[in-house]
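Down below is the structure, laid out as structure tokens.
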Amino acid sequence: MNYWLMKSEPDVFGIDHLMQCENQTDSWDGIRNYQARNFMRDDMKIGDQIFFYHSNCKEPGIVGIMQVVKESYCDHTALNKKSKYYDAKSTKDNPRWFMVDVKFLRKFKHLVTLKQMRSDAVLSDMQLLQKGNRLSILPIAKKHWTYIKNIGA
DNA sequence: GCCAACGTTGGC
DNA sequence: GCCAACGTTGGC
């Protein structure tokens, strides 16, 4: 089993939105970055667990845990001309963009803030904390996963 | 709202 | 294939 982190802006789609979805499950659509796409398309498997990260907000950080419940399939928002994620180069037969379905597992008791992670020597080699990192889907090492999960509890 | 860092596009 | 211009991300 692998561990991941996925970013989303709480004003657009936060962990509370996911909790309110049917079956507390939703498709992670709108990813338009090749590296992030490849992680979803090639590496994310059912049962993999994911940190839900709130980005671009007052207190960026990890707010909870979700799980992969459906492996990659065509991101249909790329086919919809009315969607802001529309991409003429993606077709049904030859999709350029993919998504997975994720299910809410739980919320942390304590938000694990970016600030807190930055100040923790144990986490210093996390990809999330590297300079200039903008990737919205990242793998998490098991040791970091366990450590952060214990802080968030 | 600013801006550094990065990714993508397209002319050549 | 290079690289300037542009767009986006996301912390601050």
Side-chain angles (χ1 to χ4, degrees), chain A residues 2-21 26-44 48-68 72-141 143-145 147-153:
Chain A
N2 289 313
Y3 301 99
W4 306 93
L5 176 143
M6 286 169 131
K7 300 179 185 174
S8 187
E9 301 183 23
D11 293 342
V12 180
F13 188 85
I15 196 164
D16 292 331
H17 294 100
L18 181 61
M19 284 176 76
Q20 284 157 25
C21 289
D26 201 20
S27 52
W28 205 265
D29 61 26
I31 297 298
R32 296 293 178 269
N33 169 285
Y34 289 105
Q35 260 183 286
R37 177 206 66 180
N38 293 348
F39 282 138
M40 285 200 294
R41 189 191 57 188
D42 306 332
D43 300 323
M44 292 185 78
D48 281 4
Q49 296 198 358
I50 309 160
F51 283 145
F52 198 128
Y53 179 93
H54 281 176
S55 68
N56 210 356
C57 56
K58 203 169 177 188
E59 271 211 297
I62 298 169
V63 293
I65 298 176
M66 50 191 175
Q67 186 175 29
V68 179
S72 71
Y73 59 108
C74 173
D75 181 343
H76 53 70
T77 63
L79 311 179
N80 177 4
K81 279 189 179 166
K82 286 179 189 150
S83 169
K84 69 168 183 166
Y85 297 120
Y86 176 68
D87 182 351
K89 288 175 183 152
S90 190
T91 64
K92 203 176 174 188
D93 293 333
N94 190 17
R96 171 181 284 205
W97 304 111
F98 292 81
M99 59 190 183
V100 298
D101 284 358
V102 295
K103 178 172 183 153
F104 171 84
L105 277 188
R106 60 192 183 82
K107 244 179 168 174
F108 279 165
K109 282 201 184 69
H110 316 282
L111 166 71
V112 181
T113 64
L114 179 63
K115 209 173 169 184
Q116 199 176 345
M117 290 188 278
R118 278 202 194 288
S119 66
D120 194 323
V122 175
L123 302 175
S124 60
D125 56 337
M126 272 184 90
Q127 205 177 331
L128 175 72
L129 307 180
Q130 303 314 307
K131 190 180 174 187
N133 165 67
R134 299 186 316 167
L135 207 52
S136 65
I137 300 179
L138 296 165
I140 299 281
K143 60 171 182 170
H144 294 150
W145 174 273
Y147 188 80
I148 291 169
K149 194 159 66 85
N150 286 336
I151 298 174

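Below, chain A is the first sequence line, B the second, and so on; all start at residue 1. What you see is a predicted model; the values in this text were computed from it and never measured.
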Practice prompt. Could you name each residue pair satisfying salt bridge (Lys or Arg N to Asp or Glu O under 4.0 Å) that touches residues 86-105 of chain A, not counting sequence neighbours?
Written response: A:Asp87-A:Arg96
Worksheet item: Counting just side-chain N and O atoms, does A:Lys131 come under 4.0 Å of either OP1 or OP2 of B:dA5?
Response: yes
Fill in: Which residues share a side chain to side chain donor-acceptor pair (under 3.5 Å) with A:Asp29, sequence neighbours left out
none
Response to the item:
Residue set satisfying side chain to side chain donor-acceptor pair (under 3.5 Å) with A:Arg118, at least two apart, ordered chain then number -> none
Listing, residues 14-21 of chain A side-chain donor-acceptor contacts under 3.5 Å, not counting sequence neighbours, or none:
{"from": "A:Asp16", "atom 1": "OD1", "to": "A:Lys107", "atom 2": "NZ", "distance (Å)": "2.7"}
{"from": "A:His17", "atom 1": "ND1", "to": "A:Gly14", "atom 2": "N", "distance (Å)": "2.7"}

Worksheet item: Any chance the side chains of A:Ser55 and A:Arg134 put a donor and an acceptor closer than 3.5 Å?
Response: no
Item to complete: Starting from P on C:dG7, measure out to CG on A:Asp87 and report it in whole angstrom.
Response: 17 Å
Item to complete: With sequence neighbours left out, write down each residue that passes side chain to side chain donor-acceptor pair (under 3.5 Å) with A:Glu59, or none if nothing qualifies.
Response: none
Worksheet item: Quick one: side-chain hydrogen bond (donor to acceptor under 3.5 Å, both in side chains) pairs with a partner in residues 122-133 of chain A, sequence neighbours left out?
Response: A:Asp125-A:His144
Could I get a table of every N or O pair under 3.5 Å where one atom is in the protein and the other is in nucleotides 10-12 of chain C?
{"from": "C:dG10", "atom 1": "OP1", "to": "A:Lys7", "atom 2": "NZ", "distance (Å)": "3.1"}
{"from": "C:dG10", "atom 1": "OP1", "to": "A:Arg134", "atom 2": "O", "distance (Å)": "2.8"}
{"from": "C:dG11", "atom 1": "OP1", "to": "A:Tyr53", "atom 2": "OH", "distance (Å)": "2.6"}
{"from": "C:dG11", "atom 1": "OP2", "to": "A:Asn56", "atom 2": "N", "distance (Å)": "2.9"}

Practice prompt. Starting at atom CZ of A:Arg37, determine the distance to atom P of B:dG7, rounded to an integer number of angstrom.
Written response: 15 Å
Worksheet entry | Five-pair end axes of the helix from B:dG1-C:dC12 to B:dC12-C:dG1 and the angle they enclose, rounded to 10° | 10°
Fill in: Which residue lies more 5' along DNA chain B, comparing A:Gly132 with A:Arg96 via nearest heavy atoms
A:Gly132
Practice prompt. Whole angstrom is fine here: how far is it from CD in A:Gln127 over to P in B:dA5?
Written response: 18 Å
Worksheet item: Rounded to whole angstroms, how far apart are CD on A:Gln130 and C1' on C:dT9?
Response: 17 Å
Discussion item. The criterion is side chain to side chain donor-acceptor pair (under 3.5 Å); which residues satisfy it with A:Asn2, sequence neighbours excluded?
Written reply: none
